[in-house]
Novice: 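My structure is below; once you've seen it, I'll send some questions.
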Amino acid sequence: MSGRSREEAGGITLLGSQGTKYPDNYAPEILETFVNKHQENDYFVKFNCPEFTSLCPITGQPDFATITLSFVPDIKMVESKSLKLYLFSFRNHGDFHEDCVNIIMKDLIHLMEPKYIEVWGKCIPRGGLSIDPYCNYGKPGTRWEQVAWDRMSRHDMYPEKVDNR
């Protein structure tokens, strides 16, 4: 059997909709999920958003970044169109880079309850300085809790090649 049943698709309403409305400020309520059909497998899902923008909470100037998020799903997965709209909802939201990546991670933990998740912001320099915040989480009481600590404690803090800045 291929495809998804209505139950597996859950409350997905945005995918396929021609009347998409783009939120003009931070909107975690727009996030939607569907059932992971491969719960017996551990696997990574990775999303890249190279056009992330938010506002500096002090100056109101726009900040640009690539947001990369990877997660190991458990029962629920985030629907990609709702994730895109959610990330775009930061466009007029004022928060520091570090706050944005942590807010994104916490919203997705609340939404999906993943086994593991990490969010990394590759921010375009403003004033000659780039900021690349990273955060992660592993579900407590599982092997993923240790994976999160190992990944954080061994996180590569050296500059890497980034093509879009």
Side-chain angles (χ1 to χ4, degrees), residues 1-57 60-124 130-139 144 147-148 151 162-165:
M1 180 179 152
S2 63
R4 296 194 179 271
S5 69
R6 282 210 180 287
E7 292 77 31
E8 290 171 325
I12 293 177
T13 61
L14 298 171
L15 188 61
S17 171
Q18 300 302 312
T20 301
K21 293 189 180 6
Y22 288 82
D24 60 4
N25 210 339
Y26 172 66
E29 67 280 357
I30 202 160
L31 289 166
E32 297 182 341
T33 62
F34 61 92
V35 174
N36 174 12
K37 289 174 67 172
H38 306 283
Q39 295 172 32
E40 71 282 4
N41 297 343
D42 286 341
Y43 61 98
F44 270 97
V45 177
K46 183 177 183 181
F47 290 102
N48 295 298
C49 179
E51 299 175 346
F52 181 83
T53 43
S54 61
L55 298 177
C56 173
Q61 293 180 334
D63 289 322
F64 301 91
T66 294
I67 298 292
T68 301
L69 64 97
S70 298
F71 67 94
V72 177
D74 194 359
I75 297 169
K76 295 185 279 184
M77 298 178 67
V78 65
E79 190 280 316
S80 61
K81 184 172 182 180
S82 74
L83 178 63
K84 176 184 82 168
L85 295 172
Y86 164 74
L87 292 173
F88 287 174
S89 80
F90 280 82
R91 185 169 309 270
N92 293 317
H93 179 73
D95 249 328
F96 292 116
H97 302 299
E98 300 86 349
D99 296 322
C100 288
V101 298
N102 277 281
I103 289 167
I104 292 166
M105 183 184 73
K106 289 175 181 178
D107 284 345
L108 291 172
I109 290 167
H110 178 75
L111 177 77
M112 298 186 296
E113 300 176 7
K115 295 176 183 178
Y116 175 83
I117 188 168
E118 61 184 37
V119 181
W120 198 340
K122 306 284 188 178
C123 305
I124 294 175
S130 67
I131 302 172
D132 295 346
Y134 170 87
C135 57
N136 74 9
Y137 160 88
K139 188 175 275 190
W144 294 102
V147 169
R151 177 79 172 110
V162 178
D163 291 333
N164 69 337
R165 62 175 179 187

Novice: Take atom NZ of Lys76 as the centre, draw a 6.0 Å sphere, and report whether it contains more than 12 heavy atoms from other residues, nucleotides or ligands.
Specialist: yes
Novice: Just checking Tyr116 against Phe71, ring centres under 6.0 Å apart?
Specialist: no
Novice: Look only at the side chain of Asn136 and the backbone of Ala148, and say whether a donor-acceptor pair between them is shorter than 3.5 Å.
Specialist: yes
Novice: To the nearest 0.5 angstrom, please state how far the CZ atom of Phe34 sits from the OG atom of Ser80.
Specialist: 7.5 Å
Novice: Once you round to the nearest 0.5 Å, how far does OG of Ser130 lie from NE2 of His97?
Specialist: 8.5 Å
Novice: Kindly indicate, with the supporting measurements, whether the criterion side-chain contact (heavy atoms from CB on, under 4.5 Å) is fulfilled by Phe52 and Phe88.
Specialist: CA-CA 7 Å; Phe52 181 83; Phe88 287 174; over 6 Å; no
Novice: How long is the span from the OH atom in Tyr134 to the NZ atom in Lys122, to the nearest 0.5 Å?
Specialist: 10.5 Å
Novice: Between atom CG of Leu85 and atom CG of Leu31, what is the distance when rounded to the nearest 0.5 Å?
Specialist: 9.5 Å
Novice: For the backbone of Met77 and the side chain of Asn36, can you confirm whether one donor and one acceptor N or O come within less than 3.5 Å of each other?
Specialist: no
Novice: Applying salt bridge (charged side-chain N to carboxylate O under 4.0 Å, His left out), name anything that partners Lys84, two or more places apart in sequence or on another chain.
Specialist: none
Novice: Can you name the side chain to side chain contact (heavy atoms under 4.5 Å, CB included) partners of Phe96, sequence neighbours left out?
Specialist: Pro57, Ile58, Glu98, Asp99
Novice: So which heavy atom on Cys135 is nearest to which on Asn102, and how close?
Specialist: CB-OD1, 3.7 Å
Novice: When rounded to the nearest 0.5 angstrom, what is the spacing between OH in Tyr86 and CD1 in Ile30?
Specialist: 11.5 Å
Novice: Judged by atom type as modelled, is there a donor-acceptor pair below 3.5 Å linking the side chain of Asp132 to the main-chain atoms of Cys123?
Specialist: yes
Novice: Just to verify, which of Asp107, Leu108, Leu111 counts as forming a side chain to side chain contact (heavy atoms under 4.5 Å, CB included) with Pro28?
Specialist: Asp107
